[in-house]
Amino acid sequence: MEDKFSLVSIFNILKKRWKLIVLMTTIVALISGIISYFVLTPIYQVSTQILVNQKDSENYLDITLLNTNIDLINTYSVIIKSPTILEKVIEKLDLSQSVEQLNQNISINSQENSQVFTMTVENSNPVKAVEIANTVSETFQNEIQGIMNVDNVSILSKAKLTENPTPVKPNPLMNIAIAIVISLVVGIVLAFILELLDNTLKDGHEVEAFLGLPVLGSIEKIINSKENDVISNSKIQKVGGETLET
């Protein structure tokens, strides 16, 4: 019985404060949508694949050489993002970015026991992203021969500009969905907080519970149907021998 009353109370609170919850959710969702579509800068992403394999190796498979090439990928992942490579890229493309800024826009991914690693570049301009990705990979291929005294790097696939590039971030729909969920939770919590802070007596049941005395009678609001004006703006509860105005 207590659980039932508790569920009914929760439902009544949400029913009473539904306008607040809906209003808050709507406003936050609109703000999130405006920021996602009109404020945040769209970021585009392109990738290029680089193969680490000795070019002048014989036709048979050399397991030792294969393992050496795989181990070199960790070293190459550091070198390709080093100032030695990136400074030349900035100079070739006349970029306004610093080495640190360009480094942050480049990420390297490799799979276990694979001689291929992927370089991903992010930029607000899709054309510039393709140029940077291809220039970095080409510069790395040329410079690694002098740095490591080896010729085992090939560009497996270059970055290409698609016809209608789609930004990888921000994701407006995801941002709006997250905003709706968060604001909905906050609105519900706020509704319960406001209910807890509201110490006014609403009806005879609350008067009985508060004073511990039975309600003998009550006078409801009376509205004049002809003139539509309120004759009594107060509700009077008679409890025991006392009369309370609520």
Side-chain angles (χ1 to χ4, degrees), residues 36-37 40-175 177-178:
S36 298
Y37 281 106
L40 296 179
T41 302
I43 301 298
Y44 299 87
Q45 187 181 84
V46 296
S47 299
T48 180
Q49 290 183 315
I50 299 175
L51 172 66
V52 180
N53 185 39
Q54 197 68 34
K55 295 180 180 178
D56 57 356
S57 60
E58 300 181 12
N59 292 331
Y60 66 87
L61 182 63
D62 188 338
I63 300 299
T64 302
L65 184 59
L66 177 64
N67 292 332
T68 300
N69 289 332
I70 293 174
D71 292 338
L72 279 173
I73 289 180
N74 291 329
T75 302
Y76 286 175
S77 298
V78 176
I79 295 175
I80 198 171
K81 296 179 65 177
S82 67
T84 302
I85 304 298
L86 299 187
E87 284 177 355
K88 289 182 171 58
V89 172
I90 292 174
E91 183 178 353
K92 287 180 181 179
L93 298 178
D94 193 24
L95 300 177
S96 59
Q97 294 174 294
S98 65
V99 172
E100 291 76 15
Q101 292 173 330
L102 183 57
N103 188 303
Q104 292 176 358
N105 294 333
I106 299 175
S107 60
I108 306 297
N109 297 298
S110 61
Q111 295 182 347
E112 188 176 359
N113 298 325
S114 173
Q115 291 180 264
V116 178
F117 67 92
T118 303
M119 181 185 65
T120 303
V121 176
E122 294 184 350
N123 196 279
S124 58
N125 187 329
V127 176
K128 187 65 68 176
V130 172
E131 291 179 352
I132 292 174
N134 291 331
T135 303
V136 170
S137 57
E138 291 169 1
T139 303
F140 171 71
Q141 182 184 25
N142 296 330
E143 295 297 323
I144 198 65
Q145 299 180 31
I147 295 174
M148 298 290 291
N149 196 27
V150 291
D151 185 15
N152 64 346
V153 172
S154 302
I155 300 175
L156 192 61
S157 65
K158 291 186 176 182
K160 296 180 180 179
L161 182 65
T162 59
E163 186 174 350
N164 295 309
T166 303
V168 293
K169 55 185 179 183
N171 188 336
L173 295 180
M174 179 65 70
N175 292 344
I178 294 174

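When atom types are taken as modelled, the side chain of D151 and the backbone of Q145 share no donor-acceptor pair closer than 3.5 angstrom. Distance alone, capped at 3.5 Å, places no donor-acceptor pair between the S124 side chain and the I43 backbone. Without hydrogens or angle criteria, N109 side chain to T118 main chain gives no donor-acceptor distance under 3.5 Å. Put simply, the side chain of E122 never gets that close to the backbone of Q45: no donor and acceptor are under 3.5 Å apart.
Taking OH of Y76 as the start and CD1 of I85 as the end, the distance is 11.0 Å to the nearest 0.5 Å. The NZ atom of K169 sits 11.0 Å away from atom OG1 of T41, with the distance rounded to the nearest 0.5 Å. Taken from CD1 in I144 to CD1 in I147, the straight-line distance is 5.0 Å, to the nearest 0.5 Å. The CG atom of N152 sits 6.0 Å away from the CG atom of L72 when rounded to the nearest 0.5 Å. To the nearest 0.5 Å, atoms OG (S137) and CD1 (I106) are separated by 10.0 Å. Remark: E138 CD to I50 CD1 distance equals 10.0 Å, nearest 0.5 Å.
Side chains of I79 and T84 form no contact here, defined as non-hydrogen atoms less than 4.5 Å apart. Taking 4.5 Å as the limit, some side-chain heavy atom of L161 sits within range of a side-chain heavy atom of P126. Looking at heavy atoms from C-beta onward, S77 lies in side-chain contact with I73 at the 4.5 angstrom threshold. Considering only heavy atoms from C-beta on, V121 stays 4.5 Å or farther from V136 through its side chain. Looking at L173 and N171, their side chains come closer than 4.5 Å, going by heavy atoms from C-beta outward.
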Which atom pairs, donor and acceptor, lie under 3.5 Å between side-chain atoms of residues 87-97 and protein residues at least two apart or in another chain?
{"from": "K92", "atom 1": "NZ", "to": "T139", "atom 2": "OG1", "distance (Å)": "3.2"}

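Counted within 6.0 Å of CG on N149, heavy atoms from surrounding residues, nucleotides or ligands total 12 or fewer; the atom is thus considered open. Atom CE of M148 has more than 12 neighbouring heavy atoms from other residues, nucleotides or ligands inside a 6.0 Å radius.
The nearest pair of heavy atoms linking P170 to S36 is CG-O, 3.6 Å. Annotation for T135 and E131: closest pair OG1-O, 2.6 Å, computed over non-hydrogen atoms.
Within the structure, ring pair (Phe, Tyr, Trp, His ring centres under 6.0 Å) contacts touching residues 98-120 (residues at least two apart or in different chains) do not occur.
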